[in-house]
2 protein chains.
Amino acid sequence: MARKFQSSKFYGVCLLVSVALNLYFFINLHLIRGKWNNYDQLSWSQKAAAEAEAVAAVSCSGHGRAYLDGLFVDGKPSCECNSCFGGPDCSQFSPDCVADADGGDPLFLEPFWMQHAASSALVVAGWHRMSYVFENNSYISHELEKHIRKLHSIAKNAATSGKYIVFGAGSTQLLNAAVYALSPQNSSSPAKVVASIPYYPIYETQTGFFNSVNFEFEGDASLWKNSTSDSSINVIEFVTAPNNPDGKLNKPTLQGPSVKTIHDLAYFWPHFTAIPAPADEDLMIFTISKLTGHAGSRFGWAVVKDEAVYQRIVWYMTLSEMGVSRDAQLRALKLLKVVLEEGEGNEIFEFAYQTMRKRWERLSWVISMSNRFSIQEIPPQFCTFFQKVRGPSPEIPVRILHISKQLYLWNAAYAWLKCEWEEDKDCSAVLRGANILSRNGSMFAAGNRYVRLSLIRTDDDFEFLLHRMNNLVSDKDGSKTM
Amino acid sequence: MARKFQSSKFYGVCLLVSVALNLYFFINLHLIRGKWNNYDQLSWSQKAAAEAEAVAAVSCSGHGRAYLDGLFVDGKPSCECNSCFGGPDCSQFSPDCVADADGGDPLFLEPFWMQHAASSALVVAGWHRMSYVFENNSYISHELEKHIRKLHSIAKNAATSGKYIVFGAGSTQLLNAAVYALSPQNSSSPAKVVASIPYYPIYETQTGFFNSVNFEFEGDASLWKNSTSDSSINVIEFVTAPNNPDGKLNKPTLQGPSVKTIHDLAYFWPHFTAIPAPADEDLMIFTISKLTGHAGSRFGWAVVKDEAVYQRIVWYMTLSEMGVSRDAQLRALKLLKVVLEEGEGNEIFEFAYQTMRKRWERLSWVISMSNRFSIQEIPPQFCTFFQKVRGPSPEIPVRILHISKQLYLWNAAYAWLKCEWEEDKDCSAVLRGANILSRNGSMFAAGNRYVRLSLIRTDDDFEFLLHRMNNLVSDKDGSKTM
């Protein structure tokens, strides 16, 4: 009987343990896993999700990242390091490397997207949009177009109502498409394509390369001021606001019956400039590169008033590539959704603005230590997006007020630097001597005394630039001699 | 004691049930869920995965599909229906609608990708490839290039060793890039761009639209046979194999010191033609559209022998759009991985070949009922990929051997149909009268007696075409009068 009792007690204990185990399994299976909710039922997307997360989980010491389409070594994704870093996990620093302030790679926005990993992730099914056309027989996602219009109304930077929208592979392609669309077809003389100095070099190289019978590049817009009353001379002016390289809100130089204008508004977003009012021009070009930082996606759009011009840009896009990749359009849609959903644009614009602002504050500080360099002046203006004046005077931090020299507290994408010393005739060579890679002013038709410094690259690139500039102005040749 | 015994028995039963439950939970948690393995730990990709799977799960009655970037009604993705179907779930059939055999939308491959949902799914992180350039400072994914080379060696359709590869937004863009690259820069007269009739219309419209000082379209290649000894006349010949529209493996018409050739090999894959030997030409253009069916991704590539020509195409891609969208490149890489992994290409080529073959068999049968129409002849050839002769004679199914008329058992992408009756001068009008949309032969510079019928569209489109063709040849005017 004692054995029976013991056995009964034994069963009891076992039962208790078993019930406890059941409870554990139940909680684990239905409550903890249950938080994934319908994710439990996910099937075909899981393998790809695991792949992407494994790549994202690779540690590159904060100085690089691994990509799904990068090199895999022994089945493991490998790091692609920022400039000046190397080694398998990007932890090896090369102190003597060049500080790269050359290209306009907008990677200052990368941290924003890493912080918004879940909302910006995208799953593409193998059979997504295989057709040449969308349902309305066009090359353009109607949903994406709707989001673009909404974005402009929120950013208050463009009036799109009553205008057409057409997509291109970045603003690069649309610049050329616009030139084709605005050039007269059967004129005996080609349209003159012009821009204000300093101007974005692509205007010239692109027009030259395509070498059309319909147009030719003529450089400085101001030289054509007296010719615009002659209606037989067709002129196409690029007006860039904010201007690349100097960040100024350019206005058209030319007006007249045969003058057409292409407004390149790639940088006309609240993080790079005050937005005084929505742009309301006949032909405006935007790009996602300088909005969300996704230069690699090659996605831009034109907002066009005139139907015939719009149709010619559509025709250009058809004949050059049958519309923008649906994959790029899908990606752009996802990114714009995040921009619109996170504080109605406030979050990304604030993030980007603050990043630019801090970079300018620090660069200003360094430049102000010497009279060797000067930087462009941008007048303060009221920004309708941030609802305050954006410019130098009202925002100089107290702690640097004791510096007598003007500080350059803009948020422009580039510093347009001038070498002020008589002997520094080749400014980019001066910087190269200090191990800084800049873009020569002569590329912008502005001469060698100027260089463009890119301030929108990775944090690493900016830190090296600052460090090298600091060395440059601190050494005996560059030190303050005011 | 009896009670004790009973209680012990009760415990025993409870324990048994509990242990069974434990077992159930254990299996469920660690074996069934366990197969997801590390998927359990997925985090940021889950929301996007759930979104994509919800869209894919929308039922469109097999006559349409929903897309992630399609219209959402009341928060639910809506169906986009195949031609002739409508309603919220694409179940409403419009019996009088037009059978569309016009465009070359390669949706016959859509079912293949739906069958390979898991391996072809792609997860894109928000910060994927934001930069303008890849690590090697180029616009081209090295991994993708490697996969393309491997694909050609498996499909046995092109020799890529010792040649350069450059990407474009579909073959469309590369055709134009190649014309620019091969045109002399400083010649007093533009290069003459020619092709064999019938030719793909884009060659002419594209060259005309871009209207470069460097080249002009001159049409029929054969007219220039006597001029090619004159080295001052630069000629660029498009050689299309298989030809669009007629599927023939064209060879160059012209040869000479100033003749350059662009080999448009968009359809040179085992599912559209016998592959007699790998193409080994100086400039060959391919596209993913006609390989995997992803026309919407706008991705193509050129295989180029000469470095200077390659560099000029790279320069064209730089100035026109700074390289192909990284999103399109990532997608192409994923798709090519599936092609290569699933039976080393055998699976997709076999699927596509069988689909085309069956379509040709059925169309042949219908056309053979009448002498009103004839279809192009394609001589049988040995295919090195499938390791057998591909062409009409050896493969006529026994059940249709009693038909005296030649059957057209190719696998070309298009039927190149000729209206044989004297009165049917406008063949596309004849078909339009029977509610069939075809592409007029005059668009291919071949006159109105010819039309191109697309056989690579959806199953629905093909079924309607067949049905309407059947009606056409069965009515009193179209019936057999041989």
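Lettering of chains follows the sequences in order, A, B, ..., and the numbering in each one begins at 1. We use all heavy atoms of the structure for the numbers below, so side chains are in, but hydrogens, waters and symmetry mates are not.
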Is [X] in contact with chain B via its backbone, its side chain, both, or neither, using a 4.5 Å heavy-atom distance?
X      : result
A/F299 : neither
A/T205 : both
A/A125 : backbone
A/R129 : both
A/F209 : both
A/L109 : both
A/T458 : neither
A/V324 : backbone
A/H116 : neither

Under a 4.5 Å heavy-atom cut-off, does chain A meet the side chain of [X], its backbone, both or neither?
X      : result
B/L71  : both
B/Y316 : both
B/V338 : neither
B/T292 : backbone
B/S141 : side chain
B/Y180 : side chain
B/Q329 : neither

For chain B, which candidate among [options] shows the most heavy-atom pairs at distances under 4.5 Å?
options                        : result
A/H294, A/K334, A/R457         : A/H294
A/V124, A/L333, A/V133         : A/V124
A/G104, A/S119, A/G170         : A/G104
A/G103, A/A118, A/P190, A/P106 : A/A118
A/G300, A/C81, A/A117          : A/A117

Between [options], which shows the greatest number of heavy-atom pairs under 4.5 Å with chain A?
options                        : result
B/S297, B/S120, B/A328, B/A169 : B/S297
B/E321, B/Q173, B/H142         : B/E321
B/G70, B/G168, B/A54, B/S289   : B/G70
B/M114, B/E143, B/R331         : B/R331
B/A177, B/S131, B/S171         : B/S131
B/M322, B/E110, B/K337         : B/M322

- Message: I'd like to know whether A/M130 forms a side chain to side chain contact (heavy atoms under 4.5 Å, CB included) with B/R65, so could you lay out the CA-CA distance, the side-chain angles of the two residues, the decisive distance to 0.1 Å, and finally the verdict.
- Response: CA-CA 11 Å; A/M130 293 175 65; B/R65 77 293 297 150; over 6 Å; no
- Message: With heavy-atom distances below 4.5 Å as the criterion, would you say the side chains of B/V123 and A/E53 are in contact?
- Response: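 Side chain of B/V123 against side chain of A/E53, heavy atoms only: no contact under 4.5 Å found.
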- Message: Using side-chain heavy atoms (C-beta onward) and a distance below 4.5 Å, is B/Q185 in contact with A/N211?
- Response: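 No; the side chains remain at least 4.5 Å from each other.
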Looking only at heavy atoms, what is the nearest atom pair of [X] and [Y], with distance?
X      : Y      : value
B/L68  : A/L330 : CB-CD1, 4.1 Å
B/Y132 : A/R298 : CE2-NH1, 3.6 Å
B/A48  : A/L122 : CB-N, 4.0 Å
A/W44  : B/A52  : CZ2-O, 3.8 Å

- Item | Distance, nearest 0.5 Å, that separates CG of B/L175 from OG of A/S320 |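 So the gap between those two atoms works out to 11.5 Å.
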- Task: Begin with the C-alpha distance, continue with both residues' side-chain angles, and end with the deciding distance and a verdict on side chain to side chain contact (heavy atoms under 4.5 Å, CB included) for B/L42 and A/Q46.
- Result: CA-CA 9 Å; B/L42 292 181; A/Q46 293 297 289; 3.6 Å; yes
- In B/T207, B/I202, B/N176, the residue satisfying side chain to side chain contact (heavy atoms under 4.5 Å, CB included) with A/L319 is B/I202
